[in-house]
Every structure is written in structure tokens, then in C-alpha cells.
Amino acid sequence: MCGIVAAVAERNVVPVLIEGLKRLEYRGYDSAGLALLNPTLTRLRSVGRVAELETQAKDQVAHHGIAHTRWATHGVPSERNAHPHVSGDLAVVHNGIIENYAELKAELIAAGFGFTSDTDTEVIAHLIRRTLHEVPDLTAAVQTAVTRLTGAYAIAVIREWEDRIVVARHGAPLLLGVAADGVYAASDAAALLQVTRQMIYLEDGDVAELTRGGVKIVGAGGTPVERPGVESALSADAVELGSYAHYMQKEIFEQPQALAATLELIGGAQTLSPNLFGAAAPELFDGVEAVLILACGTSFHAGLVARYWIEQLAGIPVSVEIASEYRYRASVPNPRQLVVAISQSGETADTLASVRHARNQGMPRTLALCNVPESAIVRECALRFLTRAGPEIGVASTKAFTTQLAALFLLALTLAKQAGRLAPPEEALYLASLRHLPVAVQKVLALAPSIAAWAPRFADKQHAIFLGRGLHYPIALEGALKLKEISYIHAEGYPAGELKHGPLALVDKEMPVVSIAPNDALLEKLKSNLKEVAARGGEMYVFADADSSVTEESGVHVLRLPEHYGLLSPVLHVVPLQLLAYQVALVKGTDVDKPRNLAKSVTVE
Ligand code: G6P
């Protein structure tokens, strides 16, 4: 989603701004722009890729600048709607949504301000300029102006002849990077690693003044505050593409390392301690009588798998809710419920709001399961488990999903143990099985060439159905989501038992049907479902286990995963579906890492 980079430094900041925007491209955007001070304003904007903006900016030199990638919310993607937005002598970039923008806009129009875009951001620019009439200091004016805003924002503001940049955040990510020659700000750390590793994470309500000499931060209460500096542990290599063609491909193939790194958190332990989820976990897990999982997108699918695990192993009822639905539903709170927020980015606005909603409903036992340390959701929750997938750049989530599954399995085991339902030998066996996952996933990745051979048969189709049963039903949903996200083929995931209740009507030779057929208790039932498809002339693509009794025949194509993996089988079975979506997108020639209309980190509702 929108990305911000800002810089005030001794050096020429233009290359830093451009490189920063490139690092944020993965978040998803449709236009880009920047504003520089020299000491008057120069604004450059373009629809499309940052590379175009780079060409426009190649002869520019400046020591102050703000830059932005825009993902359209208010107004179509166009140059006039691209940020920065200017009001007189000041310019603003913004990430987030201002909910009361219509009311503010009417007020500003009545006061004589003219608008040149359809955005909510232009309202912020005019509001700050109007505030400057009464509060002449830029930092103080921003502090006053933001009190009028309802919604989420991270903003950066520059003004002609001023030797400073003012930034503010509330509900959207923004961090500062402190270097020897100046101060930088960005939506995420990846954009600033080029200049520094010293980061300061701003809190909601903070307004900061950046100059070449340092940073002054004022908190929500209006008084100066100190925010701790953090050395970023992110490696610059982690965001390099290396020898891969796409980030998604790299991230699929990194899954063995991502799982191994995440499992390092338990070391060689034969037994789990609740402390894995935070110092307060023994107390907060005690007496948990239900689990509520909140998430969006792929993370929601991880939650659906976890429901099977936690209910089976720990005997605790689990509900899994799409965060954007839960937050607006009149649900029945249970104070003894553990609330688990799953989010790769830790910044998804709906997931964050749903956790706050749960807490406001009287449910303080909150656990964040995230891939980004210091993210908003991590800071919001009482407990945390940080997956170690490394930065995930491709919009379609892959390694974050499998590491979330590993973390959720650890949670299921921990709750099972607490409930007295996990004997030590069984626990040791499950842990050994988890530790073997990186090797097992590596073997599944070896199927890539066979999956690539299937891809052309999907590329000319309009629709596809994914079937799974039990634990693998969420994997069918995830396989369908991957295909639609990056290849734009309409795909539906279905529990195979539901086939006769609707989707069978769609099956003909134009409808590829992908089935997940592990060798588990539901295999025979699934085989009956497959026969129903075959009888309608459907073309079937089956991912079976080495020992599944599913045979290749006319209209039935079978690929076998090397080993059957019991309860952890979903972690393996999702991998070929990721590869299938990737290969189909390659054949179709879509933008794999930045699919149209989608954003990596959805920081608005
Ligand atoms: C966006 C991304 C998805 C992701 C979802 C939830 O839609 O494109 O890949 O699954 O957000 O994101 P989160 O960071 O909360 O896991």
C-alpha cells in the first residue's frame, strides 16, 4: 500500500528517495512522486513505475525531500491524484485514509481553498496551511492540524525555506532512520537500510521534526518524548532478488530456511514452555477456555488450519474470523478466550482494529503472531510469537504462511500440554516432526519442473476449482487464492464434500479441478468426490502422497508428494499450489510480484 520516504541530509537525497521508493514497491502502488526543496518546491509525479520518476528526477539535487508511492483509495490512479499534494508553499505525502475528509474539504472550500485532486491528502495540505495562519511554526501547525483528522495517517511535510521535515503518524506505519549526515523517515525499514541501521519507531500520535542535526519528537499528549533507538536486524541481502526471476519464486524456495529459522526458537527442546509466547504467557494461557483467531487473506487461511490442530490436540474450541467482519459484528465476548492475531506484516489495519475491538470487549489475553518485529500488531498485543521468514516482498504470501503454520502448531502443542492432553513421548515426536519440516519441504520443491509442465493447461482457462477435505480444506482455499492473486484466473476453494451442493454444476472440460489428496482418513471420501468430477468430463489435477491410492488415468493427472506427514501435512501440501500459481502466472506473463490492484501491506480499511 502507499509508501513514504523522506530525507533531510548533508548529501544529495534524491538518489536515496528513489532507492527508498524502489524498496517499497513491493507494498503495491500505481503512481509515484516526490517533492524537493531548493529552497523552493519542485514537485515531480508519474503514473506507473518508480523507474519513470527516476528518469524525471535524474538531474535533481536537494538536501530535503519527501517521496511517495500511491495505492489509489480516493480518486483514480492519475498524475493529478499522485502525491505529494501541495498547498501554497508546502507539500505533503500521506499513507492511510482520512475518514472525515469530506467534512474538512467542505470547510476548506468555504474558507476559499481550491482543490486540484480527488484525494483526502490534499485536505491535509490545506488544513496545515490554514493552521499556519494562526500557528506560524510548521511543527506546531502540524501538531494542531492532525488533531482535526479522524482515521489513519502517516504524513511527511516540507515547506519552502524551512530547514526541516515534519512527520506524524496515527494508525499507519512510520519509522525514522538516524544517520551521521541526517535523518530519514520511511514506511518500513527496508527503504532506509541503504543509509542506516539505526531506527526509531514512532508511536501513534507522535509528531517529529527532522533536521540535519537530529530529531525532536512530541507525543500524543503534546509534550516532548524520547523514543528508543533500535538497531535493525534486517540484512540488506534479505531484500535482494539474487539469482531468482521473482521475489515470489525466491520466497517459495526459501521456505526450508524460513521454517528452520523459525524453529530455531525452540532449539533442541524436547518439551515446550509457554514462555515461547512471552513472559506473561504462563499466566495468560492459564484457564483459557476458547481461542479466537483474527486475520485477513492468507493469514486467515493459516488460522483455519490452526482450528483443526488446536481443537484436535488441545480440545479447546476455536473460532476463526476475518478481521474486517469481526470488528463490526455484535459478537459475544469471553474474557477467558485467547485472542490470536495472525499477520505477516503486523500492520494490516483490519487485523489491528479487530484486536483493539476484542480488547475493548473485555478480552485482554491477546497474542500476536507476526513476521515483523516492532510492528503495530506486535506492540498492541500482550503476547507475541515472531516468525522468522525474513522480509516477504512478493504480494502473494508464501513463506510467511508456512512459518505461521509452524508457529500455530507450536501454539497447539503448548495449549494441549497445558490442558494435560499431551504426553511427553507424543510431544517429543511432534517436535521431531516439526524439525524435519525444512527437509520435507525441500523434497516437495523438487516437484517444481513437473508442476511447470502442468501450468500451460491452466493458463488459457477462465476458472478453476480447488478441493480439499478436513485439514486440507484451508489449503484448497489458499491454493485458489494464490492462483487468483497472481494469474487473475477466477478460482474457488471448496471442501470436497460440498461439491454436490453447488460447484459440481460448473464442472465441464473447461474447468480444471485441483485436488489435495493426502493419505489420510478422508482419502476414500475424497476419491468418491473425484469420481463425481470425472463423470462430468472435468480435468483433474491431483496432489497425492507417495502412498495414496490415487491412480493416473484419462482426465486424471497425479503428482505425488514424497512423504505423508500426518497433522503437519498442510505445510507440505500448500507448496505445490504456490508453485502452480507461480508457473501459471509466468505462462500468462502477469506481474507476479506486484499483481494488479493488490497491495502487500493493507494499512487502510
Ligand atoms: C494483503 C496481502 C496478502 C496478505 C493479507 C494479510 O492482502 O496481499 O498476501 O495475506 O494482506 O496481510 P498480513 O500482513 O496481515 O498477513
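In each ligand, atom 1 is the first atom listed, and ligand 1 is the first ligand listed.
- Taking all atoms of both residues into account, the shortest heavy-atom contact from Val584 to Ala459 is CG1-CA, 4.1 Å.
- Closest non-hydrogen pair, Ser354 versus Tyr326, comes out as O-CE2, 3.6 Å.
- If you check which protein heavy atom lies closest to atom 14 (O) of ligand 1, you get Ser345 OG, 2.6 Å.
- By the 3.5 Å distance cut-off applied to N or O atoms, Ile342 is not counted among the residues near ligand 1.
- Looking only at protein heavy atoms, the nearest one to atom 12 (O) of ligand 1 is Thr348 OG1, 3.4 Å.
- Ligand 1 has no N or O atom lying under 3.5 Å from any N or O atom of Thr351, backbone or side chain.
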Take Asn81 and Thr119, measure what side chain to side chain donor-acceptor pair (under 3.5 Å) needs, and give me the verdict at the end.
CA-CA 6 Å; Asn81 285 331; Thr119 66; 5.3 Å; no

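- The existence of a salt bridge linking Arg49 and Glu52 is excluded, since no basic side-chain nitrogen approaches an acidic carboxylate oxygen closer than 4.0 Å.
- The Thr298 neighbourhood of ligand 1 comprises atoms 10 (O), with distances under 4.0 Å to a heavy atom of that residue.
- Between Arg356 and Glu380 there is a salt bridge, with a side-chain nitrogen of the basic residue lying less than 4.0 Å from a carboxylate oxygen of the acidic one.
- Of the listed options Cys370, Ala341, Ala400, Ala599, Ala599 places a heavy atom closest to atom 8 (O) of ligand 1.
- The single protein non-hydrogen atom nearest to atom 5 (C) of ligand 1 is Cys296 O, 4.0 Å, given as residue, atom name and distance.
- Within the listing of ligand 1, atoms 9 (O) sit less than 4.0 angstrom from a heavy atom of Ser397.
- Residue Lys600 approaches ligand 1 through these ligand atoms, each under 4.0 Å from one of its heavy atoms: 1 (C), 2 (C), 11 (O).
- Looking only at protein heavy atoms, the nearest one to atom 3 (C) of ligand 1 is Val395 O, 4.0 Å.
- Not one N or O on the side chain of Glu478 forms a donor-acceptor pair closer than 3.5 Å with the backbone of Pro474.
- Salt-bridge annotation for Arg169 and Asp204: present, with a side-chain N of the basic residue lying under 4.0 Å from a carboxylate O of the acidic one.
- Every N/O-N/O distance between Gln404 and ligand 1 stays at or above 3.5 Å.
- When all heavy atoms are compared, the tightest approach of Leu408 to Gly303 is CD1-N, 4.3 Å.
- Close approach of ligand 1 to Val602 (heavy-atom distance below 4.0 Å) involves ligand atoms 1 (C), 7 (O).
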